[in-house]
Amino acid sequence: QVQLVESGGGSVQAGGSLRLSCAASGLASTKYCMGWFRQAPGKGREAITVINTGRAWTYYADSVKGRFTASHDDGNNTLTLQMNSLKPEDTAIYYCVAGGLFYCDTDPLSQNSYIHWGQGTQVSISS
C-alpha cells in the first residue's frame with residue numbers, strides 16, 4: 001500500500017520560511033515522478049514543483065522560482081520543499097504527489113499524471 005505522508009505545514013508571516021516533508025512508503029522503487037501541488041482557497045490545484053527522481057531534473061512554477069527548493073532523498077524516499085520568502089498568495093493546502101516516470105516526460109503539470117497523493121498540509125501566510 002502506497003502512502004505519502006506530508007508534514008511541516010503551519011502559519012508564518014510574510015517573508016518567513018517553512019519546510020515541508022513527504023515520506024513515501026510502499027512505492028515499488030525510488031524512481032518516480034514526484035512533486036508538490038497546491039490548492040488555494042477558491043482555486044484549482046496547480047503544480048508548483050516536479051522532480052524526475054530518475055534523471056535528477058526539477059521543474060518550478062514561475063510563481064515559486066527562486067524562493068522554493070525541492071529535493072529528494074533516495075535513501076529514505078523523502079521529498080522535501082524548502083519555502084523561503086513566503087507571500088500571502090502562497091497560502092494553500094500543499095499536496096505531495098507521485099506518479100510513473102513516463103509522466104515526467106509527457107505531462108508533468110497535470111494532476112491526472114499522479115496516481116498517489118498525500119493528505120495535504122495547510123500553509124498559511126499572513127501579511
Side-chain angles (χ1 to χ4, degrees):
Q1 182 181 359
V2 175
Q3 281 193 311
L4 302 177
V5 180
E6 300 108 335
S7 60
S11 300
V12 296
Q13 289 189 322
S17 298
L18 285 172
R19 184 179 179 91
L20 305 184
S21 293
C22 171
S25 62
L27 293 172
S29 78
T30 59
K31 305 307 180 189
Y32 272 81
C33 194
M34 299 186 74
W36 295 90
F37 277 66
R38 69 183 181 187
Q39 186 167 20
K43 296 187 177 181
R45 290 182 182 178
E46 63 167 336
I48 56 172
T49 181
V50 175
I51 293 180
N52 181 323
T53 64
R55 298 184 200 170
W57 62 250
T58 307
Y59 158 87
Y60 295 98
D62 287 343
S63 58
V64 306
K65 200 173 295 182
R67 301 186 297 122
F68 290 12
T69 303
S71 60
H72 177 258
D73 185 333
D74 274 359
N76 57 17
N77 211 4
T78 297
L79 189 67
T80 61
L81 183 66
Q82 178 66 42
M83 306 186 294
N84 299 326
S85 302
L86 284 161
K87 304 176 181 179
E89 52 263 44
D90 293 318
T91 294
I93 299 173
Y94 284 69
Y95 297 92
C96 174
V97 298
L101 279 177
F102 170 81
Y103 293 103
C104 268
D105 293 332
T106 56
D107 200 3
L109 305 185
S110 169
Q111 57 181 320
N112 295 324
S113 295
Y114 302 93
I115 189 172
H116 305 297
W117 288 71
Q119 80 282 0
T121 185
Q122 177 69 49
V123 170
S124 300
I125 312 302
S126 58
S127 58

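All figures in this text were calculated on a predicted structure; none of them were measured in a lab. Along the sequence shown, residues are numbered consecutively beginning with 1.
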**Asked** Of all heavy-atom pairs between G10 and L18, which one has the smallest distance, and what is that distance?
**Response** O-CD1, 3.8 Å
**Prompt:** Under 4.5 Å between any side-chain heavy atoms of V50 and T58, yes or no?
**Reply:** no
**Prompt:** Can you tell if the side chain of T121 reaches within under 4.5 Å of the side chain of I93, non-hydrogen atoms only?
**Reply:** no
**Evaluation steps, side-chain contact (heavy atoms from CB on, under 4.5 Å), between K31 and D74** = CA-CA 8 Å; K31 305 307 180 189; D74 274 359; 2.9 Å; yes
**Prompt:** How about L109: does its CG atom have over 12 heavy atoms from other parts shown lying under 6.0 Å from it?
**Reply:** yes
**Linked, directly or transitively: Y60 and W36 (ILVMFWY side chains, under 4.5 Å)** = yes
**Request:** Could you tell me whether the side chain of Y94 and the main chain of L81 form a donor-acceptor pair under 3.5 Å?
**Result:** no
**Asked** What are the two closest non-hydrogen atoms of T80 and S21, and how far apart are they?
**Response** CG2-OG, 3.8 Å
**Message:** If you define the side chain from C-beta out and look only at heavy atoms, does anything of C104 sit under 4.5 Å from W57?
**Reply:** yes
**Fill in**
When rounded to the nearest 0.5 Å, the distance separating CD of E46 from CD of Q111 is 11.0 Å
**Prompt:** So, the side chain of S110 versus the backbone of D107: is there a donor-acceptor pair under 3.5 Å, distance only?
**Reply:** no
**Asked** What distance do K65 atom NZ and T69 atom OG1 have between them, rounded to the nearest 0.5 Å?
**Response** 12.5 Å
**Item:** Validation row: I51, Y32 side chains within 4.5 angstrom (heavy atoms)
**Value:** no
**Message:** Tell me if the OH atom of Y103 is crowded by more than 12 foreign heavy atoms within 6.0 Å.
**Reply:** no
**Asked** Below 4.5 Å, heavy atoms only, C-beta onward: do C96 and W117 meet side chain to side chain?
**Response** no
**Request:** For side-chain hydrogen bond (donor to acceptor under 3.5 Å, both in side chains), just list the numbers for S17 and N84, CA-CA rounded to whole Å, side-chain angles, deciding distance to a tenth of an Å, and then say yes or no.
**Result:** CA-CA 4 Å; S17 298; N84 299 326; 2.9 Å; yes
**Asked** Which heavy-atom pair separates G9 from V123 by the least distance, and what is that distance?
**Response** CA-CG2, 4.2 Å
**Prompt:** Shared ILVMFWY cluster between L4 and I115, side chains joined below 4.5 angstrom?
**Reply:** no
**Item:** Distance-minimising heavy-atom pair for R38 and A92
**Value:** CB-CB, 3.9 Å
**Message:** Contact between F37 and I48 at the side-chain level, heavy atoms closer than 4.5 Å - yes or no?
**Reply:** no
**Prompt:** Under 4.0 Å between a Lys/Arg side-chain N and an Asp/Glu carboxylate O for D90 and K87?
**Reply:** no
**Prompt:** Taking all atoms of both residues into account, what is the closest heavy-atom pair of S127 and A14, and its distance?
**Reply:** CA-CB, 4.3 Å
**Request:** Can you see which heavy atom on R67 is nearest to which on S63, and at what distance?
**Result:** NH2-O, 2.8 Å
**Prompt:** Donor-acceptor pair, E6 side chain versus Q119 backbone, under 3.5 Å?
**Reply:** yes
**Request:** Would you mind reporting whether T49 and V64 have side-chain heavy atoms less than 4.5 Å apart?
**Result:** no
**Message:** What's the separation between atom OG1 in T53 and atom CG in N77, rounded to the nearest 0.5 Å?
**Reply:** 7.5 Å
**Prompt:** Quick one: does M83's side chain get under 4.5 Å of L20's, heavy atoms only?
**Reply:** yes
**Prompt:** Cation-pi between R45 and Y95: NZ/CZ under 6.0 Å from ring centre and within 45° of the ring axis?
**Reply:** yes
**Fill in**
Rounded to the nearest 0.5 Å, the CD atom of Q3 sits from the SG atom of C22 at a distance of 10.5 Å
**Prompt:** Hey, what do you get for OG (S85) to CD1 (I125), rounding to the nearest 0.5 Å?
**Reply:** 11.0 Å
**Request:** Tell me, with the steps shown, if N52 and M34 meet side-chain contact (heavy atoms from CB on, under 4.5 Å).
**Result:** CA-CA 7 Å; N52 181 323; M34 299 186 74; over 6 Å; no
